[in-house]
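One structure is given here, and the rest of the page talks about it.
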Amino acid sequence: STQGVSSAASDVYKRQYTVLGAAAGFILPAIIFEIVYILSRKLKAVSDVSDSFRVDVLGNVVDGTDKAKAQEQIEYICAQLAVLAEKSQKKNIVFASTVDSKNLAGIDEIADKAIGKTLSDAKYAGTVLSDAKALKFLEAAEGVVLIEKLFATTYNDFEKELQLCKRLNVPVVGCIAVSYTHLRAH
């Protein structure tokens with residue numbers, strides 16, 4: 001009878017430790033993931049650009065959305081660029097980035113539409129922090145539109161890009177953020 005009670009108590013302890021182990025197995029990785037996310041030095045949200053750096057966000061192109069939604073985002077950004085170019089009388093606008101943005105969702109189309117309709121001398125410069133040709137385009141520009149990929153562009157690189165624009169006396173017209181609808185594994 002004593003052996004039956006100790007065996008029942010042992011089963012209860014085994015179940016408790018199994019449940020506790022399973023809970024820890026789910027909770028600990030989630031906590032670690034959150035810590036890594038919080039400590040990441042990369043732009044994580046559109047608000048990082050507008051709030052932390054005081055740069056106007058012209059729009060957010062979301063890669064992975066349906067075509068109609070993406071087209072709506074692109075049209076909105078192009079409309080803003082048209083208004084800004086008309087009001088400021090700036091035609092030589094450069095599209096630049098800290099990461100290679102040329103093949104990101106919608107960026108080619110935005111640049112082509114803006115260059116074709118609104119900005120007669122606009123061009124895609126590229127990565128101004130590492131490309132000498134891009135730097136020359138930026139130096140000659142009347143304004144710059146920064147294209148930043150969330151979860152790829154670091155705060156430090158974005159700050160360097162803004163300082164470079166300031167040193168060259170090239171006003172930042174705004175920023176286009178590129179984000180993804182799938183899990184942020186970038």
Side-chain angles (χ1 to χ4, degrees), residues 31-65 70 73-74 76-78 80-81 84-85 88 90-115 118-119 121-186:
I31 290 171
I32 291 169
F33 179 77
E34 285 300 313
I35 290 171
V36 168
Y37 176 84
I38 290 168
L39 296 177
S40 170
R41 297 297 303 149
K42 296 182 178 179
L43 298 175
K44 297 177 214 63
V46 174
S47 61
D48 288 349
V49 174
S50 59
D51 296 345
S52 299
F53 295 100
R54 304 284 187 246
V55 174
D56 290 333
V57 177
L58 300 173
N60 181 22
V61 178
V62 181
D63 193 12
T65 58
Q73 294 167 337
I74 290 166
Y76 178 71
I77 292 168
C78 289
Q80 284 191 82
L81 286 171
L84 289 170
S88 68
K90 292 179 181 167
K91 298 294 183 190
N92 184 7
I93 302 290
V94 168
F95 292 85
S97 183
T98 58
V99 295
D100 183 20
S101 302
K102 187 64 174 156
N103 296 317
L104 293 176
I107 298 305
D108 289 335
E109 188 175 349
I110 291 168
D112 290 344
K113 282 185 176 185
I115 291 167
T118 310
L119 308 167
D121 294 330
K123 56 184 73 69
Y124 178 80
T127 54
V128 294
L129 294 181
S130 61
D131 183 359
K133 186 178 176 183
L135 188 59
K136 286 288 186 193
F137 284 143
L138 180 63
E139 186 178 36
E142 295 175 305
V144 61
V145 174
L146 302 174
I147 303 165
E148 302 307 335
K149 186 176 172 186
L150 301 181
F151 292 91
T153 301
T154 65
Y155 288 102
N156 191 35
D157 284 347
F158 191 63
E159 180 69 31
K160 285 179 186 176
E161 194 174 42
L162 292 172
Q163 289 173 356
L164 178 63
C165 293
K166 188 175 181 177
R167 257 192 335 269
L168 295 174
N169 274 340
V170 179
V172 176
V173 174
C175 180
I176 300 170
V178 179
S179 59
Y180 296 89
T181 56
H182 54 34
L183 186 61
R184 311 280 196 245
H186 301 281

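For reference, positions follow the sequence shown, starting with 1.
The side chain to side chain contact (heavy atoms under 4.5 Å, CB included) test with Glu148 is passed by exactly one of Asp48, Val55, Leu43: Leu43.
The side chain to side chain contact (heavy atoms under 4.5 Å, CB included) check on Ser52 picks up nothing, with sequence neighbours excluded. Listed by chain and residue number, nothing satisfies the side chain to side chain donor-acceptor pair (under 3.5 Å) test with Tyr76 (two or more places apart in sequence, or in another chain). Annotation: salt bridge (charged side-chain N to carboxylate O under 4.0 Å, His left out) contacts of Glu159 (sequence neighbours excluded): none. Qualifying side chain to side chain contact (heavy atoms under 4.5 Å, CB included) partners for Val57, counting only residues two or more places apart in sequence or in other chains: Val46, Val49, Ser50. In terms of the side chain to side chain contact (heavy atoms under 4.5 Å, CB included) criterion, residue partners of Asp131 (sequence neighbours excluded) are, by chain and number, Thr127, Lys133, Ala134. In this structure Thr154 satisfies the side chain to side chain contact (heavy atoms under 4.5 Å, CB included) test together with Lys42, Asn156, Asp157, sequence neighbours excluded. With sequence neighbours excluded, no residue forms a ring-ring contact (aromatic ring centres under 6.0 Å, His included) with Phe137.
Residue pairs meeting the salt bridge (charged side-chain N to carboxylate O under 4.0 Å, His left out) criterion with at least one member in residues 135-145, sequence neighbours excluded, are Lys136-Glu139.
Nearest heavy-atom pair across Val94 and Ala125 is CG1-CB, 3.1 Å.
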ask   = Given the rule in the side-chain contact (heavy atoms from CB on, under 4.5 Å) test, do Val128 and Leu146 qualify, once you have shown the distances and angles that lead to the verdict?
value = CA-CA 10 Å; Val128 294; Leu146 302 174; 5.8 Å; no

message = For Val61 and Ile147: C-alpha separation, side-chain torsions, deciding distance, then whether side-chain contact (heavy atoms from CB on, under 4.5 Å) applies.
response = CA-CA 10 Å; Val61 178; Ile147 303 165; over 6 Å; no

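Note that CD1 of Ile77 and CD1 of Ile176 are 5.0 Å apart. Values are rounded to the nearest 0.5 Å. Annotation: the span from Cys175 atom SG to Asp56 atom CG amounts to 10.0 Å, rounded to 0.5 Å. Once rounded to the nearest 0.5 Å, the distance linking OG of Ser47 with CZ of Phe53 reads 11.5 Å.
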Less than 3.5 Å apart, which donor and acceptor atoms pair up between the side chains of residues 165-174 and the rest of the protein, not counting sequence neighbours?
none

